[in-house]
Amino acid sequence: MDNKYQPNIIEPKWQKYWQDNNYYQAADNSTKPKFYCLDMFPYPSANGLHVGHPEGYTATDIFSRYKRMGGFNVLHPMGWDAFGLPAENYAIKTGVDPDTSTHNNIKNFTRQIKALGFSYDWSREIDTSSPEYYCWTQWIFLQMYQHGLAYRKKAHVNWCASCQTVLANEQVVNGACERCKNPVMQKDLEQWFFRITDYADKLLADLDSIDWPEPIKLMQRNWIGKSVGINIDYDLENSDQHITVFTTRPDTNFGATFVVLAPDSKFVQTNLKLFPNYTATASYIEQTVKKTELERISEGKKKTGVFTGSYVINKLNNKRLPVYISDFVLASVGTGAVVGVPGHDVRDFEFAQAMGIEVIRVVVGKDGDTATISKREQVQEEQGTMINSDFLNGLDIHVATEKIMDYLEKQGWGKRVTNYKIRDWLISRQRYWGAPIPIVYDPQGNAHPIKEEHLPLLLPTDVDYRPKGTSPLGSSKSYKDLAEKLYGAGWHFEVDTMDTFVCSSWYYLRYCDPHNAKQFADPEKLKQWLPVDMYVGGAEHAVLHLLYARFFHKALQDFGFIPKAVGREPFKALRNQGMILGEDHQKMSKSRGNVVNPDAIVQDFGADTMRLYEMFMGPFEETKPWDPQSIKGMRRFLEKIWNVYQSVKTDNASNTVDLALHQTIKKVTEDIEQFKFNTAISQLMICLNSYAEQPKLQEAQLKIYLQLIYPFAPHLAEELREQKHWSENLFQDWPKYDETKLVNVSYLMVIQVNGKVRDKIELSASEVDNEQIIKDKALASNKVQQYISGKEIVKVIVVPKKLVSIVIK
RNA sequence: GCCGACGUGGUGAAAUUGGUAUACACGCUAGCUUUAGGAGCUAGUCCCGCAAGGGAUGAGGGUUCGAGUCCCUCCGUCGGCACCA
């Protein structure tokens with residue numbers, strides 16, 4: 001047996017073979033049922049592939065190969081989320097343009113991914129930074145604009161004075177810029193938004209229809225943040241104005257003692273001069289608006305505020321409520337105004353304490369407490385019975401809430417409303433390396449969509465990337481000239497680019513028809529492939545990409561570009577891979593020096609070992625540490641398979657492995673379906689151990705095992721198949737288990753006395769379903785007799801094929 | 001602070017979903033093999049005990065004939081949100 005397992009030779013050989021024969025191309029017209037199996041496409045960073053990437057990619061590869069063997073026409077594509085800030089920062093530092101560096105990175109990623117033998121359909125590769133792709137990103141923007149879902153408004157944005165640029169919310173860490181650690185300030189800028197809030201209710205409701213991990217659904221639900229309540233109008237004394245507050249707890253309204261407005265709320269902005277204490281009010285507003293994010297956070301929940309000098313009337317009891325302004329109230333939540341009930345809201349209580357406002361109890365506290373509320377711990381929220389509240393007295397707060405809402409609506413003092421926490425999606429970025437926003441301004445500054453025939457609006461190359469507080473595109477002469485040439489003197493293009501999440505919100509659609517120059521995708525092809533049947537990636541996109549893509553799907557479907565027949569959701573099933581930690585159980589990072597390079601693993605052990613190892617580490621969705629020792633064990637397993645196939649004699653005589661083999665077919669099939677790859681592999685090891693003990697095996701047994709191992713270790717399986725001169729069609733079928741072969745010759749049953757194992761009895765297959773025989777045998781056992789003799793048997797429980805439990809007194 | 005996930009040998013973990021806890025690996029120990037190293041093969045490996053037996057799934061309590069699994073309280077680790085009215 002000098003034929004050794006040499007992955008470094010066989011793996012490149014089969015990778016070339018698959019590529020040369022277009023082995024994994026998805027067929028656009030096929031009679032087979034379709035299966036769309038998708039990875040979250042990577043950002044091609046300069047660091048190359050991280051060991052976390054192959055974890056997800058191996059899982060989808062196993063799944064894709066398994067589904068192909070199961071008779072499906074599988075779409076399994078790969079591409080590049082190529083726009084992004086790191087390439088631009090690299091350009092600022094080195095002068096290498098982002099296009100060049102990004103495409104070098106893509107080459108490296110492609111090489112690394114191909115070396116792992118994944119069955120991607122490379123003919124569908126896409127690159128979001130190519131004009132062929134972002135042409136359609138821009139086209140979709142125009143559709144959003146024409147349907148009223150893209151709009152421009154002045155907004156507070158996160159501004160880093162040191163980097164001279166705005167930052168996305170995700171780039172603000174504890175109030176500081178994630179790159180330079182300087183405090184982030186608020187700045188008002190004209191920005192483009194997508195009206196995702198129009199879809200809040202649908203994004204929430206449709207979550208119920210998809211097979212996603214519950215924690216991800218929950219995070220989306222929380223992010224969307226539906227709250228049902230009522231808007232109540234309070235008339236402002238000595239004025240014809242009224243303040244509208246939003247509350248979910250109108251039941252406590254008899255306990256209201258003040259009203260608070262957000263400093264940057266619309267009411268304050270337009271009615272500031274109505275307040276008697278105008279000077280103090282204006283100075284408070286000025287202070288709070290200047291605060292950095294960091295200052296706000298470091299102040300914690302300490303309450304500050306100012307009395308405006310104005311009062312409103314609570315029509316329920318004609319009480320005068322003083323009106324305050326405080327930055328604990330947020331302009332963007334509800335109406336930007338709050339009615340303060342300090343007895344039953346901790347924040348209101350803290351504010352009342354700080355301002356010296358009275359506290360009224362309207363809900364009975366813990367242990368029947370009806371005393372005056374003077375301590376934070378007495379503030380009763382969320383449950384209880386009403387008191388001091390006129391017609392609500394004695395009611396449970398939830399009943400009271402409904403009753404008073406009916407009353408307020410009937411009186412015309414309020415109106416039920418539903419609020420959502422989710423905000424419109426700010427898509428403008430003052431960056432270079434992204435898709436240009438296809439908007440042109442006339443000399444008066446009015447925005448116009450660019451004409452479709454001018455798409456793609458190409459990203460100019462004559463720009464200065466260096467940060468200077470305005471968008472790099474503003475420095476391009478060619479961009480300026482082009483706008484004037486196409487639209488006339490004094491016209492200019494929008495100089496911001498789109499958030500890269502816009503590009504990634506529709507890439508799964510493009511894979512269905514990646515070379516279409518007339519449409520982003522032919523509806524017929526979308527109809528054939530959508531929805532994505534299995535989507536795999538990290539959980540870090542829970543409320544970003546995964547929410548945005550759902551929004552795009554719904555909007556584009558409503559515009560008529562995605563057939564109704566494919567359903568309201570883009571991703572039918574989702575699975576998240578867990579993070580892979582370093583050997584030291586810490587997050588992998590260059591500074592810790594615990595980063596594992598996939599290239600080195602493939603070099604030292606082979607791609608099949610790498611694939612198997614990552615799947616064997618632990619449950620797919622869980623965080624797990626890298627262990628270099630265990631990789632050796634996986635290589636040993638593959639060598640053992642290899643060696644068994646080299647040395648075993650084949651013979652059609654019956655042997656004892658059929659039970660193990662059919663158990664393995666069953667287990668591996670079920671485990672792949674459930675993404676339990678670790679236990680599937682362990683079963684394959686058990687089966688191999690049983691094979692290795694046999695002097696002779698049937699050819700059929702060797703073939704089935706190869707079919708089972710193929711999705712996991714395709715190179716090894718192909719090589720052994722070829723060595724044995726078996727047909728290539730071997731891997732076009734998935735084996736089925738034979739129920740009759742799963743029957744044990746005998747069963748070992750446990751006998752418990754009062755819950756403790758006292759003996760084990762062996763029963764033949766014919767006896768194992770007969771309760772009477774089982775009971776008799778169990779009670780006849782010598783060991784059991786020692787425990788039960790002279791005792792009263794209360795009952796005997798028989799669990800078929802498993803155990804007998806005898807209860808004595 | 002609120003929401004969520006998790007906690008099992010020296011390590012990664014398994015447990016047919018309420019039925020023999022520790023499968024499958026890694027590591028370790030001993031023996032064999034090899035000129036040596038690497039590797040390979042065989043046996044052993046939760047704890048206490050010579051044994052019979054007893055104990056053990058973060059801690060404590062409960063339900064049950066039977067609990068890693070279900071319920072309650074607490075502790076710890078990780079993730080998300082963070083004054084959302």
Side-chain angles (χ1 to χ4, degrees), chain A residues 213-219 221-223 225-227 229 245-250 252 260 262 296-297 299-303 326-330 332-341 344-348 350-351 381 419-423 539-540 542-543 578-579 581 583 585 587 612-613 616-619 621-634 636-637 639-640 643 663 666-667 670 676 678-689 748-760 786 793-808:
Chain A
E214 274 312 315
I216 300 287
K217 287 195 195 180
L218 190 64
M219 280 165 75
R221 287 191 186 107
N222 291 341
W223 189 264
K226 182 177 180 171
S227 63
V245 307
F246 172 70
T247 179
T248 56
R249 294 293 309 280
T252 61
V260 199
R296 262 180 66 91
I297 287 166
E299 271 177 16
K301 307 217 158 139
K302 208 178 93 197
K303 302 289 185 286
S326 170
D327 67 351
F328 90 86
V329 176
L330 307 177
S332 52
V333 176
T335 59
V338 162
V339 55
V341 183
H344 306 288
D345 181 295
V346 169
R347 295 157 306 180
D348 293 350
E350 287 166 350
F351 187 71
E381 298 177 311
N419 270 320
Y420 295 92
K421 197 170 122 184
I422 189 171
R423 312 287 162 71
E540 67 274 16
V543 289
M579 208 193 342
L581 302 174
E583 209 181 321
H585 288 53
K587 206 167 169 171
L612 269 280
Y613 170 63
F616 188 64
M617 288 172 82
E621 66 284 359
E622 233 131 87
T623 303
K624 42 211 173 277
W626 188 265
D627 177 9
Q629 296 292 348
S630 293
I631 303 166
K632 290 187 202 161
M634 195 48 71
R636 280 205 283 267
F637 169 56
E639 276 171 4
K640 191 167 175 182
N643 293 337
Q663 276 172 345
K666 184 166 191 275
K667 177 91 175 130
E670 289 168 357
K676 291 165 75 173
N678 54 334
T679 48
I681 292 167
S682 122
Q683 184 62 40
L684 286 164
M685 289 172 167
I686 292 169
C687 187
L688 183 73
N689 290 342
L748 196 63
M749 284 185 60
V750 167
I751 308 168
Q752 295 183 347
V753 179
N754 280 358
K756 293 212 182 284
V757 178
R758 295 304 181 189
D759 199 7
K760 292 166 191 180
Q786 286 172 25
I793 295 175
V794 180
K795 61 177 155 176
V796 179
I797 297 152
V798 177
V799 182
K801 294 180 188 165
K802 293 206 169 87
L803 59 72
V804 183
S805 183
I806 302 165
V807 187
I808 57 169

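The chains referred to below are lettered A, B, ... by the order of the sequence lines, with proteins before strands, and numbering in each begins at 1.
The residue A:V329 sits close to a base: some heavy atom pair falls under 4.0 Å. As judged by a 4.0 angstrom heavy-atom cut-off over every strand, A:S332 is placed among residues making no nucleic acid contact. A:G633 comes within contact range of the sugar-phosphate backbone alone, with a heavy-atom separation under 4.0 Å but no base atom that close. Residue-level contact check: A:L803 touches the bases, meaning some heavy atom is under 4.0 Å from a base atom. Contact annotation for A:F616: base contact, defined as any heavy-atom pair under 4.0 Å involving a base atom. Across all strands, A:N689 comes closer than 4.0 Å only to sugar-phosphate atoms, never to a base (heavy-atom distances).
A gap of 35 Å separates the C1' atoms of B:A23 and B:C3, to the nearest Å. Taking the P atoms as reference points, B:C26 lies 14 Å from B:A43, given to the whole Å. Here the separation of B:U8 from B:A15, taken at their C1' atoms, is 10 Å to the nearest Å. Nucleotides B:U22 and B:A14 place their P atoms 15 Å apart, quoted to the nearest Å. Rounded to whole Å, the separation between the C1' atoms of B:C46 and B:A56 comes to 8 Å. Using atom C1' as the reference point in both B:C78 and B:G58, the two lie 15 Å apart (nearest Å). Taking atom P on both B:C48 and B:G40, the two are 30 Å apart, rounded to the nearest angstrom. When the P atom is compared between B:G68 and B:G79, the two are found 30 Å apart, to the nearest whole Å.
Looking only at side-chain heavy atoms (C-beta outward), A:R347 and A:V329 stay at 4.5 Å or farther from each other. Contact check for A:V750 versus A:K802: no side-chain heavy atoms found under the 4.5 Å cut-off. A:N222 is listed as a side-chain neighbour of A:L218, based on a closest heavy-atom distance under 4.5 Å. Between A:L803 and A:M749 there is no side-chain heavy-atom pair separated by less than 4.5 Å. Contact of the A:M617 side chain with the A:S630 side chain is not registered, since no non-hydrogen atoms from C-beta on lie closer than 4.5 Å. The closest side-chain heavy-atom distance from A:I751 to A:R758 is not below 4.5 Å.
Using Watson-Crick or G-U wobble geometry with both donor-acceptor distances under 3.5 Å, B:A52 finds no partner in any strand shown. Under the Watson-Crick and G-U wobble criteria, each requiring two contacts below 3.5 Å, nucleotide B:A36 is left unpaired. Across all strands shown, B:U63 has no partner, as no Watson-Crick or G-U wobble contact with both distances under 3.5 Å is found. The partner of B:G31 is B:C41, by the rule that a Watson-Crick or G-U pair needs both atom distances under 3.5 Å. Nucleotide B:G18: unpaired (no Watson-Crick or G-U wobble partner with both distances less than 3.5 Å). Across all strands shown, B:G79 pairs with B:C3; the Watson-Crick or G-U wobble distances both stay below 3.5 Å. For B:G68, there is no paired base (Watson-Crick or G-U wobble, both distances below 3.5 Å). Base pairing analysis places B:C26 opposite B:G10; the two distances defining the Watson-Crick or G-U wobble pair are each below 3.5 Å.
One finds a side-chain N or O of A:N678 lying less than 4.0 angstrom from the OP1 or OP2 phosphate oxygen of B:A14. Here A:S227 reaches the OP1 or OP2 of B:A85: one of its side-chain N or O atoms lies under 4.0 Å away. Between A:K760 and the phosphate of B:U20, there is no side-chain N or O to OP1/OP2 separation shorter than 4.0 Å. For the OP1/OP2 pair of B:A15 and a distance below 4.0 Å, the side-chain nitrogens and oxygens of A:K676 include at least one atom meeting the criterion. Contact check, A:R636 against B:A25: no side-chain N or O comes under 4.0 Å of OP1 or OP2. Remark: A:N222 is not in phosphate contact with B:C84, judged by side-chain N or O atoms under 4.0 Å from OP1 or OP2. Neither OP1 nor OP2 of B:U11 sits under 4.0 Å from any side-chain N or O of A:H585. Contact between the side-chain N/O atoms of A:K756 and the OP1/OP2 oxygens of B:G55 is found at a separation under 4.0 Å.
When the C1' atom of B:G80 is taken as reference, atom CG of A:L218 falls 9 Å away, rounded to whole Å. Put simply, CG on A:L581 is 12 Å from C1' on B:U77, counting in whole angstrom units. When the P atom of B:A25 is taken as reference, atom CG of A:D627 falls 15 Å away, rounded to whole Å. Rounded to an integer number of Å, the gap from OH of A:Y613 to P of B:A13 is 10 Å. Atom CE in A:M219 sits roughly 5 Å away from atom C1' in B:G80 (whole-Å rounding). In this structure, A:W223 atom CH2 and B:A82 atom C1' are separated by 11 Å, rounded to whole Å. Across the protein-nucleic acid pair, A:M685 atom CE and B:A14 atom C1' stand 13 Å apart, rounded to whole Å. Following rounding to the nearest Å, A:F328 (CZ) and B:C83 (P) show an atom-to-atom distance of 12 Å.
Donor-acceptor pairing under 3.5 Å, judged by distance alone, is absent between the side chain of A:K632 and the base of B:C26. At a cut-off of 3.5 angstrom, counting only N and O atoms as typed in the model, there is a donor on one side and an acceptor on the other between the side-chain of A:R423 and the base of B:C84.
A cation-pi arrangement is absent between A:K303 and A:F351 under the rule of less than 6.0 angstrom and at most 45 degrees off the ring axis.
Listed nucleotides: B:G27, B:G4, B:A85. Nearest to the side chain of A:Q629: B:G27. Side chain of A:V807, nearest nucleotide from B:C84, B:U16, B:C65: B:C65. For A:T679, counting side-chain heavy atoms from C-beta on, the closest listed nucleotide (B:A15, B:C84, B:C24) is B:A15. Which of B:U20, B:C3, B:A23 sits closest to the side chain of A:S682 comes down to B:A23. Nearest nucleotide to the A:K421 side chain, out of B:A85, B:C65, B:C81: B:C81. In the set B:A85, B:C65, B:A23, the nucleotide with an atom closest to the side chain of A:F246 is B:A85.
In this view, A:E639 and A:R635 satisfy the salt bridge (Lys or Arg N to Asp or Glu O under 4.0 Å) rule, not counting sequence neighbours.
Counting only distance, with no hydrogens or angles, the side chain of A:Y613 and the backbone of A:D627 share a donor-acceptor pair below 3.5 Å. The closest donor-acceptor contact from the side chain of A:N754 to the backbone of A:I808 lies under 3.5 Å.
Residue A:Q752 is the one, among A:V543 and A:Q752, whose nearest nucleotide of RNA chain B lies closer to the 5' end (criterion: closest heavy atom). RNA chain B is contacted by both A:S805 and A:R758; A:R758 maps to the nucleotide lying nearer its 5′ end (nearest heavy atom per residue).
Against the 90° criterion about 0, the sugar-base torsion of B:U17 places it in the syn range. In this structure B:G9 sits in the syn conformation; its chi angle is within 90° of 0.
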